[in-house]
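Within every chain, numbering begins at 1; the chains are lettered A, B, ... in the order of the sequence lines, protein sequences first and strands thereafter.
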Amino acid sequence: MRSNCCGELRKENISSTVQLCGWVDRCRDHGGVIFIDLRDSSGTVQITVDPDQGNELFAIAESLRNETVVQVSGQVRARPAEASNQKIDTGDIEVLAKDLKVLNHVKGNLPFTVSIHDEESVREETRLKHRYLDLRRDKLSKNLRIRHKTIQAARNFLEKEGFIEIETPILTKSTPEGARDYLVPSRVSGGDWFALPQSPQLFKQLLMIGGMEKYYQVARCFRDEDLRADRQPEFTQLDIEMSFMEQEEIIAMNEKLIVSIWKTIKGIDLPTPFPRITWHESMERYGTDRPDIRYGIEICDVSKIFKNIGFKVFSNAISSGGSVKCITIPKGNSAISNVRIKPGGDIFSEAQKMGAGGLAFIRVRESNEIDTIGAIKDNLNIDQINALIKQTNAKEGDLLLFGAGDTKIVNRTLDRIRQFLAMELKYLPSQESINYWGFIWVVDFPMFDFNIDENRWEALHHPFCAPNNKDLGETPDEWQNRLPKARAQAYDLVLNGLELGGGSIRIHDAALQKQVLETIGLSTKEAHEQFGFLLDSLDMGAPPHGGIAFGLDRIVMLLTGSESIRETIAFPKTQQARCLMTEAPSEVSKQQMKEIHVASTWTNPK
RNA sequence: GGGACCGUAGUUCAACCGGUUAGAGCACCGCCCUGUCACGGCGGAAGUUGCGGGUUCGAAUCCCGUCGGUCCCGCCA
């Protein structure tokens, strides 16, 4: 149908006869001469329609509207010097139409403008309903191409490293821990259910036990949990697993993978090795296990200074087992008004959102004088002030913001305030700077976290992470006691405060695996019901292995500078996990439900 | 489960503190225009202000409910 693509035509093509297909991006009808910007996936080129080429041709050109699909035959020619357009790649030439055929019309109004010149933001609801039109627009079209190139870069790299791509089941077994499963009833085995995989975790381990040694997959994962800008009910992981490699080797290899992706997509050489931080240190300094390391404002634990202070908010926090911590905002006195950090202010509200009861502050003035609310000022002596200023390294003009209470909430709050103010006060490097990319490996995660509500330990990553041998003790007798407090051989790759991926060395010893499952409260019987196949396999020559999984949607989101992973997915769902285009999910017939032995208990609340 | 913001013409927005016939750009329709490139000019059509109820002499505007979208908390091994 076509001899060339629109966007590829250049001076070199002058005088050649071409046939093009595409969409009318825009028309400029001058009455005597008509210009058509013809667009295909490669770009746009100007088609010139001259009345000399015949009335029929001209009449068709006059009838064209935006997004009409046309086929044009014509000759490439140089534009008159004064009419060349350096703003577009094909601006030196134009195609003089000899024949023009409408392949498809547009009837009625389009829901929104498609043209590459139109950057007007359309309501997302409308874009999602007519996603096929949105895909035609510049931004999504580019994003999906970057997504493709990202996957290709990963495939190329992994191919060279000797990995093979293997698919794992989509219909699989429900897992007890973790997110809610999407369930699929079995017609053949009445009353039984499949689950869609939350990740290929167990299968990739079994592939290692199956001797594949180096596996990867662009794997679709499903989790029935509430959504966010960076969470969809179905998302894609770049899933990798390998045998006979230790944590350091795996980290080094994956770092090279990331470097090669950034080189391919951004054309930049990321400095290596990426910095490392232990989970513990990250929590101390940033209050989170996914720190944005591109700016300072680190968290300072000042509990010791305020242990015996008369200001009850602080002293009570400490005596009840919590902490008092603070962040120092350089020059914060002039940048941030009291209105914003007192009740009702935006910064105060951010703190409140994270569960903080309040947001205490101290302003450092000339010669270490301080300025704060009376309740704090009246209860602080000069030694405490000096200790505070020394520990926080605060200077005249700086603002100290405090969190006091349960340590988890204090950390969470100060992390949030830190990020909120970094954005607001423009501490972030520009997108063009190499420093924009704040990669960091977070290592030495704890194996478990104690769930107070359920009074039990739960796996921080998942229950297949291997513990650090140093924390285990010499003999299996010690495992039971030592395991809960052990560090895991687990690692997360964090970029700009977002978790890009995470992995671990897996347990390849059946006894240790049973002990870990027991620690999270699974009896031997339950463990066998849920993971019998894995436990069995570990006793049949399971190699040491480990791996990682990257959130592909998030990687592409960062590479494209998007605000949401929806901008990297061809057909995403809304926050209510609905597809506005197909209107899925939807009702099914009674007959369908009968066949799969399912009855609905849903009653409309009305 | 909870909090915040949003919903006005095909679309993007406007319409103060409730007050004539709800306006404008783009798109659409008609006419004019031979070098534009977000072409230009003249004219036109286009609205159940998401939906339902309430307050009021009077509601896009205020209140309640509801539906949908977004952001966030909880949740997401």
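- For the atom pair A:Asn66 CG and A:Leu110 CG, the distance stands at 7.5 Å (nearest 0.5 Å).
- With 3.5 Å as the limit, one finds no donor-acceptor pair spanning the side chains of A:Asp444 and A:Gln489.
- For A:Thr524, there are no side-chain hydrogen bond (donor to acceptor under 3.5 Å, both in side chains) partners at least two apart in sequence or on another chain.
- For the P atom pair drawn from B:C72 and B:C16, the interatomic distance equals 31 Å after rounding to whole Å.
- Contacts of A:Ser349 with the nucleic acid, taken as non-hydrogen atoms under 4.0 Å apart, are absent.
- For B:G47 and B:G40, the C1' atoms lie 29 Å apart once the distance is rounded to whole Å.
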Could you list all N or O pairs between the protein and nucleotides 70-73 of chain B that sit under 3.5 Å apart?
residue	atom	partner	partner atom	Å
B:U70	OP2	A:Gln575	N	2.7
B:U70	O3'	A:Arg566	NH2	3.1
B:C71	OP1	A:Arg566	NH1	3.1
B:C71	OP1	A:Arg566	NH2	2.9
B:C71	OP2	A:Arg566	NH1	3.4
B:C71	N4	A:Gln575	OE1	3.3
B:C72	OP2	A:Ala229	N	3.2
B:C72	O3'	A:Arg416	NH1	3.4
B:C72	O2'	A:Arg416	NH2	3.4
B:C73	OP2	A:Arg228	NE	2.7
B:C73	OP2	A:Arg228	NH2	3.3

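- Note: A:Trp457 and A:Phe450 have perpendicular aromatic rings, judged against thresholds of 30 and 60 degrees for the angle between ring planes.
- In this structure, a donor-acceptor pair under 3.5 Å is absent between the side chains of A:Thr44 and A:Asp25.
- Spacing between atom CZ of A:Arg127 and atom P of B:G7 amounts to 18 Å, rounded to whole angstrom units.
- With a 3.5 Å ceiling on both atom-pair distances, the Watson-Crick or G-U wobble partner of B:C28 is B:G44.
- Atom CZ of A:Phe222 and atom P of B:C75 are 24 Å apart (whole Å).
- In this structure, A:Glu350 places its CD atom 17 Å from P of B:G3, rounding to the nearest Å.
- Within 4.0 Å of A:Leu580, counting heavy atoms only, lie sugar-phosphate atoms of the nucleic acid but no base atom.
- A side-chain donor from one of A:Gln217 and A:Thr168 sits under 3.5 Å from a side-chain acceptor of the other.
- If you check B:G58 for Watson-Crick or wobble pairing at under 3.5 angstrom, you find it has no partner at all.
- To the nearest whole angstrom, the two C1' atoms, one in B:U11 and one in B:A46, are 12 Å apart.
- Judged by Watson-Crick or G-U wobble contacts below 3.5 Å, the nucleotide B:U49 has no partner.
- Here the side chain of A:Arg223 pairs no donor or acceptor atom with the backbone of A:Ser199 at under 3.5 angstrom.
- Look at the C1' atom in both B:A9 and B:C29: the space between them is 15 Å, to the nearest Å.
- In this structure, B:U70 and B:A4 make a Watson-Crick or G-U wobble pair, each of the two defining distances being under 3.5 angstrom.
- Between A:Gly178 and A:Arg578, the residue anchored closer to the 5' end of RNA chain B is A:Arg578, taking for each the nucleotide with the nearest heavy atom.
- With both ends at atom P, the span from B:G43 to B:C17 equals 34 Å, rounded to whole Å.
- Atom P of B:A60 sits at a distance of 26 Å from the matching atom of B:G69, rounded to the whole Å.
- In this structure, A:Pro463 reaches the bases: a heavy-atom distance under 4.0 Å links it to at least one base atom across the strands shown.
- A:Leu460 comes within contact range of the sugar-phosphate backbone alone, with a heavy-atom separation under 4.0 Å but no base atom that close.
- Between A:Tyr491 atom OH and A:Phe445 atom CZ the span is 11.5 Å, to the nearest 0.5 Å.
- When the C1' atom of B:C76 is taken as reference, atom CZ of A:Arg290 falls 11 Å away, rounded to whole Å.
- Taking atom C1' in both B:G50 and B:A38, the straight-line distance is 32 Å, to the nearest Å.
- For A:Lys204, the salt bridge (charged side-chain N to carboxylate O under 4.0 Å, His left out) partners two or more places apart in sequence, or in a different chain, are A:Asp239, A:Glu241.
- In this structure, A:Arg180 atom CZ and B:G74 atom C1' are separated by 11 Å, rounded to whole Å.
- To the nearest whole angstrom, the two P atoms, one in B:C63 and one in B:C6, are 12 Å apart.
- Applying the side-chain contact (heavy atoms from CB on, under 4.5 Å) criterion to A:His130, with sequence neighbours excluded, gives A:Pro111, A:Phe112, A:Thr126, A:Tyr132, A:Leu133.
- If you measure from atom CD of A:Glu125 to atom C1' of B:C67, you get 10 Å, rounded to the nearest angstrom.
- A search for side-chain hydrogen bond (donor to acceptor under 3.5 Å, both in side chains) contacts involving A:Arg412 returns nothing, not counting sequence neighbours.
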Subject >> Per-nucleotide protein contact string for nucleotides 26-41 of chain B, where B marks a base within reach and S marks sugar-phosphate only (heavy atoms under 4.0 Å, - for neither) >> reply: -BSS---BBBBBSB--
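- In this entry the distance linking CD of A:Gln237 with C1' of B:C76 reads 12 Å, nearest Å.
- Following rounding to the nearest Å, A:Glu225 (CD) and B:G74 (P) show an atom-to-atom distance of 13 Å.
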